[in-house]
Amino acid sequence: MYPTDEELLQELATGARQATAQVYRKHYPTVMRWLQSAGGSEADAADLFQEAMMVLFEKARNPEFRLSCRIGTYLFAICKHLWYKKLERDRRMPQLDVALEPDASAYEDDLNIHREREEHYAQLDAALESLGEPCRSLLRAFYHQDKSMQEIAAAFGYTNPDNAKTQKYKCLMRLKKIFFNAKALE
Amino acid sequence: MRLEDELYIAEAAEAALTGKLSEHDQAVLNSRLAADPELARAYHEYYDTISSLQVAARRSKYKIMLRDVHEETMAKRQGMKRLIIHFNPRLLRSAAMAASIALLTSLVTVWVMHEQEPKSASARNLQLVRHELANLKATQAHQQKQIQEIRENADAPAPAAQSNYAGTGFALSNDGYLITNYHVVDGAESIQIQTRNGKSYAASVVAYEPKNDIALLRVNNKQFRFGKGELPYSFLPAKAPLGAAIYTLGFPQDEIVYNEGYIASSNGFQGDSNQYRLEVPAGPGQSGAPVLNNQGEVVGIIRSKDAESESTTYAITSRTLLRLLRDVPKDKRPRLPQANRLGRLSREQQIDRLQDYTCMVQVYKK
């Protein structure tokens, strides 16, 4: 158990499971009960809370980040905003009553950054997808799966790690091109 | 830009990001960047691309962990024992672990990208559904009344109509909810399901989603139960891994038919991530058949087959089904089974249990 929110957040920022589980156990039930009373399902609550945890995770990684309220308060507010946004999108409810929410704009900013970020990584993923093989798998093996060039050379049939490395940079060249072209088209 | 320059600048960006750029190399790089604006621009683009790749990996690992923490938290709340898999970064080094994460990671990342658009599209479709459903219900009620009137007048049972289209369906809950393909029930005048004992029951469409070709049905008689107890199978919330052994039960003819095969590709027709490509024989009438893994978990629903090949078949993933079901209003949504009771049974025993919950869907169209 981490005694203070600050220590907990520091751990959370490293992606530590224990800290994550602690936050989850402590705050998820509140969100779930609230959402069920607001007409959402358990599955909605899971989606919502996991998205809010991603917002917190990214925020905690920012060295300048200082939480101005308790973790629970923050997560709850983010969940509420995400939910009202979803309702708005589904047009089940006309509009978010901003006046009811103190500090609403602060959360809005966080969520806007979060949305932009999601879009950025969706674009990167789309670019990776359109690379085709072997580039897609090669880059994933290196960047997502932390494989060494030695392992990659063996797995992809290159004669030595240096060849694999050259191939990796050639793939990166293509990825960069697609990624930045897509960005320019926005 | 020359290829060597391009490779040099890409490598330099990566070295800078991983802290492997020596002071000397840094100085050389700086002077080259200062002298050549094109090189400088390329450098920043590489820097951005590589750091995005690094962050994307970190994010997707965290997302996977979050989902696991969620399951663990829920399992603890329900007092259930569950095998806990820790995603310890040090363990990631071990090859087997890395391989399993690798698969999860690539699925998750593909998913995020495909999910954005369709989600809003499906919400729109569901709204349409409600409108059309109202109409559908009205005509159904009207027809039932007419049939009853005919029965009363003629004082004899109505002649059994011939079904002019048939597919397969399977239970989502014991109290009469079942799932099949949208294309099976599209344009239906009436729908009958025929269960293992040969009896037929009228059913209605509760919701449907044409894009992913899914229709949620319910048997009209609320007293109806598929079997004696809750469904023996559960639904796999993630995508089944490539190569997983699978089997299906469907109705290409009057009798139920068993087929087995494997997951041939993680994505379906034209790379659709809401589907798998399977290698399993399937024929007309098997649309809507459940696809199960060795443990007896439902991993998908048969949808279509390749016209050119005997056994290249496409199935909608259980993951997509679960996602779509979440959009159905709560009072019209089945309570899905939570526990899988087929895991320890032999394949023959699994099939025997499944037959109570798999049915033929007979559709009457004008």
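Using a 4.5 Å cut-off on side-chain heavy atoms (C-beta onward), B/Ile50 and A/Tyr143 make contact. The shortest side-chain heavy-atom distance between B/His70 and A/Met53 does not fall under the 4.5 Å cut-off. With a 4.5 Å cut-off on side-chain heavy atoms, B/Tyr46 and A/Leu175 do not count as touching. Using a 4.5 Å heavy-atom cutoff, the side chains of A/His120 and B/Val55 are not in contact. A/Tyr169 is listed as a side-chain neighbour of B/Glu14, based on a closest heavy-atom distance under 4.5 Å. Counting only heavy atoms from C-beta outward, the side chains of B/Arg58 and A/Glu58 approach each other to under 4.5 Å. Between A/Asp146 and B/Lys61 the shortest side-chain heavy-atom distance falls below 4.5 Å. B/Leu3 places a side-chain heavy atom less than 4.5 Å from the side chain of A/Met173.
Contacts between B/Arg59 and chain A at a heavy-atom distance below 4.5 Å involve backbone atoms as well as side-chain atoms. Residue contact with chain B, scored on non-hydrogen atoms closer than 4.5 Å, involves the backbone and the side chain of A/Lys170 alike. Interface remark: A/Arg61 contributes side-chain atoms only to the contact with chain B (heavy atom separation under 4.5 Å).
Environment of CZ in A/Arg70: sparse, with no more than 12 heavy atoms of neighbouring residues, nucleotides or ligands closer than 6.0 Å. Within a 6.0 Å sphere centred on CD of A/Gln150, heavy atoms belonging to other residues, nucleotides or ligands number 12 at most.
From B/Thr73, atom OG1 reaches atom NZ of A/Lys26 across 14.5 Å, with rounding to the nearest 0.5 Å. For the atom pair OG1 of A/Thr14 and OH of B/Tyr62, the computed distance is 8.5 Å after rounding to the nearest 0.5 Å. Note that CD of B/Glu45 is 11.5 Å distant from NZ of A/Lys177, once rounded to the nearest 0.5 Å. One finds the OG atom of B/Ser52 at 11.0 Å from the CZ atom of A/Arg117 (value rounded to the nearest 0.5 Å). For the atom pair B/Met65 CE and A/Thr20 OG1, the distance stands at 3.0 Å (nearest 0.5 Å).
Of all heavy-atom pairs spanning B/Ala56 and A/Leu124, the tightest one is CB-CD2, 3.9 Å. Nearest approach of A/Lys86 to B/Asp327, heavy atoms of both residues: NZ-OD1, 4.4 Å.
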What's the verdict on side-chain contact (heavy atoms from CB on, under 4.5 Å) for B/Gln54 and A/His144, showing C-alpha distance, side-chain angles and the deciding distance? CA-CA 7 Å; B/Gln54 291 170 335; A/His144 282 225; over 6 Å; no
Quick one: do B/Leu66 and A/Tyr24 satisfy side-chain contact (heavy atoms from CB on, under 4.5 Å)? Show the steps, please. CA-CA 9 Å; B/Leu66 266 178; A/Tyr24 220 102; 3.9 Å; yes
Take A/Phe142 and B/Leu53 through the test side-chain contact (heavy atoms from CB on, under 4.5 Å) and record every step on the way to the result. CA-CA 10 Å; A/Phe142 185 79; B/Leu53 279 167; over 6 Å; no
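Salt-bridge annotation for B/Lys63 and A/Glu118: present, with a side-chain N of the basic residue lying under 4.0 Å from a carboxylate O of the acidic one. Salt bridge status for A/Lys176 with B/Asp48: absent, with no side-chain N to carboxylate O gap under 4.0 Å. Using a 4.0 Å cut-off between a side-chain N of Lys or Arg and a carboxylate O of Asp or Glu, B/Glu72 and A/Arg17 qualify as a salt bridge.
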